[in-house]
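Below: the structure, in structure tokens.
Here the structure is a predicted model, which is why all the values come from computation and not from measurement. Position 1 is the first residue of the sequence; numbering continues from there.
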Amino acid sequence: MPLAILALLILLLFPLSRVDFRQKRSIPWGGQVVLVSRDEGANVSWLLLATLCGTVDDLPAQLVIGATTFSPDKRSGAILLGGGNRSESRIEFLLEGSYQQLLEELHLSITAFPLSPGTDLPRQSGSPHPIGLTLIDGFLSDGEKQWPLPDAVARGSAAVRYDRSQHKLWRGIPEDFEQRWQEMSEEHPGLLIPYIEERIALTTIAGR
């Protein structure tokens with residue numbers, strides 16, 4: 001009995017992030033982590049969006065399931081793939097591929113956008129929070145409001161596969177992910193290896 005109570009407390013304190021894209025079943029890819037890198041720094045900060053392909057009203061679109069920012073001198077960082085609070089958005093987004101195909105392999109795209117002080121983005125606690133929104137025709141959308149994005153400066157992609165024999169799913173509050181990841185990478189970097197499911201290198205778009 002004490003062990004059962006302890007297990008319940010752990011789940012309550014460190015829930016497994018899950019993504020529910022308005023389907024009858026939650027798709028358990030929340031908690032997956034990818035590392036993103038670039039060859040060199042930039043003159044301005046970058047917003048990195050991790051997206052999946054699909055459609056909105058029969059139009060091609062991308063669903064944002066992860067995001068982070070790179071300061072001008074930052075060369076790499078981790079992105080947590082999850083739905084966040086905006087997974088409750090009422091956008092009718094249809095994902096490409098069957099439910100089982102998505103469980104086995106995520107065809108993930110990473111797109112980088114330059115940020116300036118005047119860039120208008122959906123925010124939460126002062127930080128950009130586009131997770132759960134759609135990216136279509138250069139705009140982020142929650143189904144009601146749109147936020148224009150500047151032209152992309154870099155891209156990357158990968159087929160992300162979760163292998164339970166090799167990988168661990170990240171547990172915890174999504175909003176605390178970056179701080180906890182940074183702390184662990186400084187104190188116990190070896191413990192983070194099982195959480196990394198894919199490493200994605202960004203390629204700068206010619207002329208950017």
Side-chain angles (χ1 to χ4, degrees), residues 7 9-21 26-38 45-52 62-89 102-103 106-113 115 119 121-135 140 142 147 154 156-164 166-202:
L9 285 174
I10 290 175
L11 287 176
L12 289 174
L13 292 174
F14 303 100
L16 174 62
S17 299
R18 298 179 71 87
V19 183
D20 186 352
F21 296 128
S26 291
I27 302 176
W29 62 55
Q32 292 178 253
V33 176
V34 295
L35 283 189
V36 181
S37 64
R38 61 183 178 184
S45 295
W46 285 6
L47 171 67
L48 273 59
L49 300 182
T51 60
L52 296 177
Q62 301 282 325
L63 181 65
V64 180
I65 65 169
T68 191
T69 56
F70 276 13
S71 59
D73 60 344
K74 190 173 183 179
R75 299 283 294 277
S76 65
I79 298 181
L80 177 68
L81 307 182
N85 294 333
R86 293 187 182 274
S87 63
E88 299 176 358
S89 168
L102 291 168
L103 287 180
L106 297 179
H107 292 279
L108 190 71
S109 295
I110 306 289
T111 308
F113 302 90
L115 292 178
T119 305
L121 291 172
R123 294 181 179 273
Q124 179 173 294
S125 301
S127 300
H129 188 68
I131 299 173
L133 304 186
T134 58
L135 176 60
L140 281 169
D142 63 2
W147 293 264
S157 61
V160 181
R161 301 175 180 86
Y162 170 65
D163 183 345
R164 66 176 62 247
Q166 299 182 32
H167 302 131
K168 292 183 179 180
L169 293 177
W170 184 267
R171 293 178 179 271
I173 300 171
E175 289 74 16
D176 294 341
F177 167 72
E178 292 196 11
Q179 180 179 348
R180 290 183 58 203
W181 185 273
Q182 181 62 33
E183 291 172 351
M184 290 185 66
S185 65
E186 294 173 356
E187 300 172 3
H188 308 288
L191 296 179
L192 295 175
I193 294 176
Y195 295 98
I196 302 170
E197 296 186 20
E198 191 58 67
R199 299 172 189 268
I200 303 174
L202 295 177

Minimum heavy-atom distance [X]-[Y], with the two atoms named:
X      : Y      : result
Asp73  : Ser71  : OD1-OG, 2.8 Å
Leu49  : Ala67  : CD2-CB, 3.9 Å
Leu63  : Gly132 : CD1-O, 3.9 Å
Gly77  : Phe70  : N-CZ, 3.3 Å
Ala50  : Ile110 : CB-CD1, 3.5 Å
Ala158 : Glu198 : CB-CG, 3.6 Å

Margin query: In terms of relative ring orientation, are Trp170 and Phe177 parallel, tilted or perpendicular, with 30° and 60° separating the classes?
Written below: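 Trp170 vs Phe177 ring planes: perpendicular.
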Item checked: Over 12 foreign heavy atoms within 6.0 Å of NZ, Lys74 ->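 Above 12, so yes.
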Notebook entry, point to check: Just by distance, do the side chain of Arg38 and the backbone of Arg75 share a donor-acceptor pair under 3.5 Å?
Noted result: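 A pair under 3.5 Å: no.
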Checklist line | Flag, side chain of His167 to backbone of Asp163, donor-acceptor distance under 3.5 Å | finding: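 Confirmed, His167 side chain pairs with Asp163 backbone.
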Next item on the list: Using distance alone, with no hydrogens and no angle criterion, decide if Glu178 and Gln182 have a side-chain donor and acceptor under 3.5 Å apart.
Entry: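 Short answer, no.
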Margin query: Please report the interatomic distance CG(Leu35) to CD(Glu197), rounded to the nearest 0.5 Å.
Written below: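 Taking CG in Leu35 and CD in Glu197, the distance rounds to 11.0 Å.
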Note to self: Let me confirm one number: the NZ-CG distance from Lys168 to Leu192, rounded to the nearest 0.5 Å.
What the structure shows: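 Rounded to the nearest 0.5 Å, the NZ-CG separation comes out at 10.0 Å.
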